[in-house]
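To find a chain, count down the sequence lines: A is the first, B the second, and so on, and within it residues start at 1. Every value quoted in this text rests on a predicted model; they were computed, and no experiment measured them.
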2 protein chains.
Amino acid sequence: MDVNKDLPRAARAQDVAKAAGVSTATVSRAVNSPDKVAPAVRDRVLAAAAALGWLPHAAGSALARKRTSIAGVVIPTLGQEVFATQVGAMQAAFAEHDITLLIGCSNYDPDQAAQQVRTMLTRGVDALAVLGQIPKPGLFEVVQARRVPYVITYGSAPDGGHPCVGFDNAAAFHTITRHLLDLGHKVVGMILQPTLHNERIVARLAGVRGALAEEGLGLRPQHLCEGEYGIQAGRKGLRHVLNADGPRPSAIICSNDLLAIGALLEAQTMGLTVPQDLSITGFDDISIAAELDPALTTMKADNAEIGRLAAGYLVSRLQGNATPSEVLIPPILINRSTTAQPRKRS
Amino acid sequence: MDVNKDLPRAARAQDVAKAAGVSTATVSRAVNSPDKVAPAVRDRVLAAAAALGWLPHAAGSALARKRTSIAGVVIPTLGQEVFATQVGAMQAAFAEHDITLLIGCSNYDPDQAAQQVRTMLTRGVDALAVLGQIPKPGLFEVVQARRVPYVITYGSAPDGGHPCVGFDNAAAFHTITRHLLDLGHKVVGMILQPTLHNERIVARLAGVRGALAEEGLGLRPQHLCEGEYGIQAGRKGLRHVLNADGPRPSAIICSNDLLAIGALLEAQTMGLTVPQDLSITGFDDISIAAELDPALTTMKADNAEIGRLAAGYLVSRLQGNATPSEVLIPPILINRSTTAQPRKRS
DNA sequence: TTGTACGCGTTATCAA
DNA sequence: TTGATAACGCGTACAA
């Protein structure tokens, strides 16, 4: 009873043309510019296409049109809420223009990122987004050589030279440091995810240092802990920073929310009361941040908006429009309950 | 309008052929079957290709080869750790065979899922994975008609008829219910994410009911709360279930970890001690589950393994091998600290 | 409004 | 081992 076994292969435009008694040109027109085809003929073609289960094959189409209607995005990993949000928004924005989004992961490895970019160019992407600054020099040269519009997202490109949609990581961490300084904190620690191959994190550290320096303060080496990414790293980082020599920090800045959650949990394990004994800040405002007790003070970048803007920029480039090459969304401070004035010195 | 002034266009195989003094056929061979080309000629071709920045265009290749080396996967959303893990593993597994993975999101909407499947077929995917059972009838008919190997992942297909790699949701929730029954719980509540268009959740409910029935017990309607997905829904669900009429449940089964986290937080807000006053279970073992205090008792399905197996199945189908059509991974109980014997009745 | 005919970039067949 | 040539499926001038 399997009718499928009879069919030698998928239907082509020619099969539809034959069934509808027209030429392949008319089949193409009926699908791509319906207004250029007589209504009666159009209906006949579409009916035949439906009957045969014909779907135009993108490879043939791409070859003839000289564009694939595929856009690519290279991200570090799918396993992070902020990246997933951004990619989801990009996908939706591109879909409105019938552009399919191809997603590639670099796993934070510049070589894999370069490989992904090459794969995407081979796939003939019409446009390309790369999430985060990739330090690999020359990564975009081959992209530029092919005249493929591209954009860097999530980070910023202070050195210029590349169009980007994102936010200023240094400014964001300046803001959150300023928040702590305004509360009266004098001794601040910081827990960082790996800075290797990740300019965004380097910028965050620089933002903290810059804000502290404005008050004549600095980050003691023993109060700076760079470790892995995640809750366990946050726990470990907090122990490291609080057990260090010298004056104990009254506030801990974490480079992301997961580290901050780890630090918060570890502080509670150590018997500290947050925020009275210790202020803690995160970054990203992942969904669980608001649900903790106490709720996490953090910063939020509108990642969906970044994704939409990046896709919009690329689409307008594809349409031949010149648009501003650098768009920065200001992240906003989400002032919840893990920050407060430091205890008075005894 | 036309920005392309300096460079006429991207290099083609013909340009490389001319530069290397060979034919396009040899260029193709040098890249795809190097052993069939004299070493000296091969080096000359590859050098010319590198010099010209030539990358073979996948559209032309797809047309000639009659396959695209693209596989597709349709998932509900990127924003969930379990799905992201599975897709990441699939992507890595396919990459080993030089197959690019195209990711589409259905947003839990059967119509969008069907649309994504059609998009993928238009893109000429060689194989297709769909995460979760899609109730839309006929979804796979068009896939079958094109002889495209496909597999359902994450869920199971008890009705049969479709190859799948996943786990038995009903059996998993039978297991976790059994765990609670063995601890002595008699009154159990359940908090569910939406069951609409999600057969996996329906199966989870059935698993709970089945295990309870074996002890002559049942799930009172007022102890069953179906709401949204997420921590807030878990909080709301717990209040709903605990404030209902009749005997108060001593254990709450949640259909996923986020709901369980919400229930746990809300229980603590209400002044209850978990697990002494109330046992709570989740499902998925997301990364934060182990970090909570108390750590969440939950179940873990090896999603990376599911992704690998699904990709492996499709690859072997593409290679013409017949393989078992249904693979079920048994999820394992992660017995942490949110479950215990119920308090003695006073 | 519709059909003819060619080209898009690559691979496979076949002959040399 | 290499080259000439014919597909692959579609879109689009151009002609009718």
Rounded to whole Å, how long is the line connecting atom [atom1] of [X] with atom [atom2] of [N]?
X	N	atom1	atom2	result
B:Q14	C:dT10	CD	P	10 Å
B:K18	C:dT10	NZ	C1'	16 Å
A:N32	D:dG9	CG	P	17 Å
B:L55	C:dG9	CG	C1'	13 Å
B:D35	D:dT1	CG	P	9 Å
B:L52	C:dG9	CG	C1'	15 Å
B:D15	C:dG9	CG	P	9 Å
A:R146	C:dG9	CZ	C1'	12 Å

Give the nucleotide from the list [options] with an atom nearest to the side chain of [X].
X	options	result
B:K66	D:dC8, C:dT10, D:dC10	D:dC8
A:L63	C:dG9, C:dT10, C:dT2	C:dG9
A:R29	D:dA13, D:dT2, C:dG9	D:dA13
A:S23	C:dT4, D:dT2, C:dT11	C:dT4
B:A38	D:dG11, D:dT1, C:dT10	D:dT1
B:R12	D:dT2, C:dT11, C:dG9	C:dG9
B:S28	C:dT11, D:dT12, C:dT2	C:dT11
B:V22	C:dA5, D:dG3, C:dG9	D:dG3

| field | Parallel, tilted or perpendicular: rings of B:F167 and B:Y154 (30°, 60°) | value | perpendicular
| field | Any A:F83 side-chain heavy atom under 4.5 Å of A:T153 side chain | value | no
| said: On the nucleotide D:dG11, are OP1 or OP2 found under 4.0 Å from the side-chain N or O atoms that A:S61 carries? | reply: yes
| Is it true that A:R12 and A:D15 make a salt bridge, defined as a side-chain N closer than 4.0 Å to a carboxylate O? | yes
| query | If you find the nucleotide of DNA chain D closest to B:R65 and the one closest to B:T26, which residue's nucleotide is nearer the 5' end? | reply | B:T26
| message | Take a 6.0 Å sphere around CZ of A:R67 and say whether it holds more than 12 heavy atoms from other residues, nucleotides or ligands. | response | no
| said: Rounded at 0.5 Å granularity, tell me how far OG1 in B:T85 sits from CD in B:Q80. | reply: 10.5 Å
| request: Using a 4.0 Å heavy-atom cut-off across all strands, classify B:A25 as base, sugar-phosphate, or nothing. | output: base
| said: Need one value for A:V27: base, sugar-phosphate or nothing, where a base atom within 4.0 Å counts as base even if backbone is also close, heavy atoms only. | reply: nothing
| task | Please step through side-chain hydrogen bond (donor to acceptor under 3.5 Å, both in side chains) for the pair A:N32 and A:R65, ending with a clear verdict. | result | CA-CA 12 Å; A:N32 299 307; A:R65 288 184 201 264; 3.0 Å; yes
| note | The residue, B:H57 or A:G21, whose nearest nucleotide of DNA chain C is more 5′ is A:G21
